[in-house]
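Letters A, B, ... are given to chains in the order of the sequence lines, protein chains preceding strands, and every chain is numbered from 1. Small disclaimer: the values here were computed from a predicted structure and weren't measured.
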2 protein chains.
Amino acid sequence: MAINIPDPIRKQCEEKGGLEGIIAKLPEARSLKARAKLFQALGDPMRLKILFALDEQPLCACLIREVLGISDSKLSYHLTVLKQAKLIAGKKQGQWIIYGLTELGNQVVRMIGKF
Amino acid sequence: MAINIPDPIRKQCEEKGGLEGIIAKLPEARSLKARAKLFQALGDPMRLKILFALDEQPLCACLIREVLGISDSKLSYHLTVLKQAKLIAGKKQGQWIIYGLTELGNQVVRMIGKF
DNA sequence: TCACCATTTCAACTTTATTTGAAACAAAGT
DNA sequence: ACTTTGTTTCAAATAAAGTTGAAATGGTGA
């Protein structure tokens, strides 16, 4: 451990097995990366709005577009991000694709509500 | 409401007062933006790691740097992002600045643990 | 087959985030 | 005053995310 650090911090740190001890308790890189990706998908107002809209009811892309008032291709981009994060899923129904929250999406929307 | 949409979706939508009804239930732009900003701060593995480390115990910047193995200025950048999101706060103690989770930071770390 | 509709893809572009290394600061000890 | 130490700031560079409008896809029904 570095020599020059505040005493109370050093003590507390040594009780945990030093820096090594702390490092050992942290999640692995893989896990951190996966979670960061999830949160990154949530890090955009438009995408949050899509999630809230789908929490009301499943919607086809064209209705989501109406709700958000954005272009088709812009919407498609954001839907892709949400799909990749497994927060939403679409299934074909006639000529439309109906999007809805996944189980993860549901959990996440409930979580977001607390912040 | 758009004329051409799948029937079950239209029905469900009309029960809610049409698109207007759905739009009315969505959070305001201000609120969406604020939350997006919070999640954006969480959208980076290094920053998540910092939060987990501080969840173990408060640490001075130099120890966080040791834990992460990154440069001073890089660390400082990420600390700034976390500070701005009010997830962490630092207070001077002697020659060091000791960082710790805020109350929000605490709640958030507990939340992250579920995903 | 043809035209149409909902949606996606693409490449070019703009914007925002992150990294870098050097310099600046501010407090503490000499 | 001078140096050291811990931390932040800055401007320049790089990388990643988001936007645009046009074109492509793929299914539907005339």
Side-chain angles (χ1 to χ4, degrees), chain A residues 1-10 19 32-33 36-50 54 58-85 88-100, chain B residues 1-10 19 32-33 36-50 54 58-85 88-100:
Chain A
M1 196 185 323
I3 296 197
N4 219 13
I5 50 171
D7 273 349
I9 301 292
R10 168 189 283 124
L19 273 197
L32 290 169
K33 216 169 146 187
K37 216 175 160 189
L38 170 64
F39 291 121
Q40 197 175 225
L42 299 174
D44 178 288
M46 240 177 253
R47 291 197 289 265
L48 291 181
K49 204 167 178 181
I50 293 173
L54 295 182
L59 293 168
C60 54
C62 52
L63 283 184
I64 303 176
R65 175 169 46 67
E66 299 289 318
V67 169
L68 300 193
I70 60 179
S71 72
D72 283 336
S73 67
K74 198 167 173 175
L75 173 63
S76 199
Y77 169 71
H78 289 294
L79 289 178
T80 300
V81 174
L82 292 170
K83 271 184 281 180
Q84 283 173 350
I88 68 173
K91 62 176 172 184
K92 192 131 217 178
Q93 219 159 96
Q95 70 189 296
W96 301 276
I97 297 175
I98 310 296
Y99 283 98
Chain B
M1 195 185 324
I3 297 199
N4 220 12
I5 50 171
D7 273 350
I9 301 293
R10 167 190 283 123
L19 274 197
L32 289 169
K33 217 169 145 187
K37 217 174 159 190
L38 170 65
F39 291 120
Q40 198 176 223
L42 298 174
D44 178 287
M46 240 177 254
R47 292 197 288 266
L48 291 180
K49 203 167 178 181
I50 293 173
L54 295 182
L59 294 167
C60 54
C62 51
L63 283 185
I64 303 176
R65 176 169 44 68
E66 299 289 317
V67 169
L68 299 193
I70 59 178
S71 71
D72 283 337
S73 66
K74 198 167 173 174
L75 173 63
S76 199
Y77 169 71
H78 288 294
L79 289 178
T80 300
V81 174
L82 291 170
K83 272 184 280 180
Q84 283 173 350
I88 68 173
K91 62 177 171 182
K92 193 131 216 177
Q93 220 158 95
Q95 71 189 295
W96 302 275
I97 298 177
I98 310 296
Y99 283 96

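- Taken to the nearest 0.5 Å, the CZ atom of B:R65 stands 12.5 Å off from the CG atom of B:L59.
- Distance, A:Q95 CD to C:dC5 C1': 6 Å, rounded to whole Å.
- Nucleotide C:dT8 holds its C1' atom 15 Å from the CG atom of A:L82, rounded to whole Å.
- Nearest approach of B:C60 to B:I98, heavy atoms of both residues: CB-CD1, 4.0 Å.
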In the 5'-to-3' direction, what one-character label does each nucleotide of nucleotides 15-25 of chain C receive under the scheme B = base within less than 4.0 Å of a protein heavy atom, S = sugar-phosphate only, - = no such atom?
--SBBBBB---
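- A distance of 8.0 Å separates OH in A:Y99 from CG in A:L75, rounded to the nearest 0.5 Å.
- Side-chain contact between A:H78 and A:K74: present, with at least one pair of heavy atoms (C-beta onward) separated by less than 4.5 Å.
- Within a 6.0 Å radius of NZ in A:K83, other residues, nucleotides and ligands contribute more than 12 heavy atoms.
- Summarising the geometry, atom CD belonging to A:Q93 is positioned 10.5 Å from atom CG belonging to B:D7; distances are rounded to the nearest 0.5 Å.
- Rounding to the nearest 0.5 Å gives a distance of 13.0 Å between CG of B:L48 and NZ of A:K33.
- Rounded to whole angstrom, the span from the CG atom of A:L75 across to the P atom of C:dT9 amounts to 12 Å.
- Nearest heavy atoms, A:P45 versus B:A36: N-CB, 3.5 Å.
- Rounded to a whole Å, the CD1 atom of A:I64 is 11 Å from the C1' atom of C:dT7.
- Counting heavy atoms from C-beta outward, A:L79 and A:I64 have side chains that approach closer than 4.5 Å.
- The terminal axes of the helix from C:dT1-D:dA30 to C:dT30-D:dA1, fitted over 5 pairs per end, subtend an angle of 10° to the nearest 10°.
- Atom P of nucleotide C:dT7 and atom CG of A:L79 are separated by 9 Å, given to the nearest angstrom.
- Remark on DNA chain C: of its neighbouring residues A:T80 and A:W96, the 5'-side contact belongs to A:W96, judged by nearest-heavy-atom nucleotide.
- For DNA chain D, the span of nucleotides reached by chain A at under 4.0 Å from its heavy atoms goes, 5' to 3', from D:dT5 to D:dT28.
- Note that the CD1 atom of A:I5 and the CG atom of B:L63 stand 4.5 Å from one another [nearest 0.5 Å].
- To the nearest angstrom, P of C:dA28 lies 11 Å from CD1 of B:I97.
- To the nearest 0.5 Å, atoms CD (A:Q84) and CD (A:Q40) are separated by 11.0 Å.
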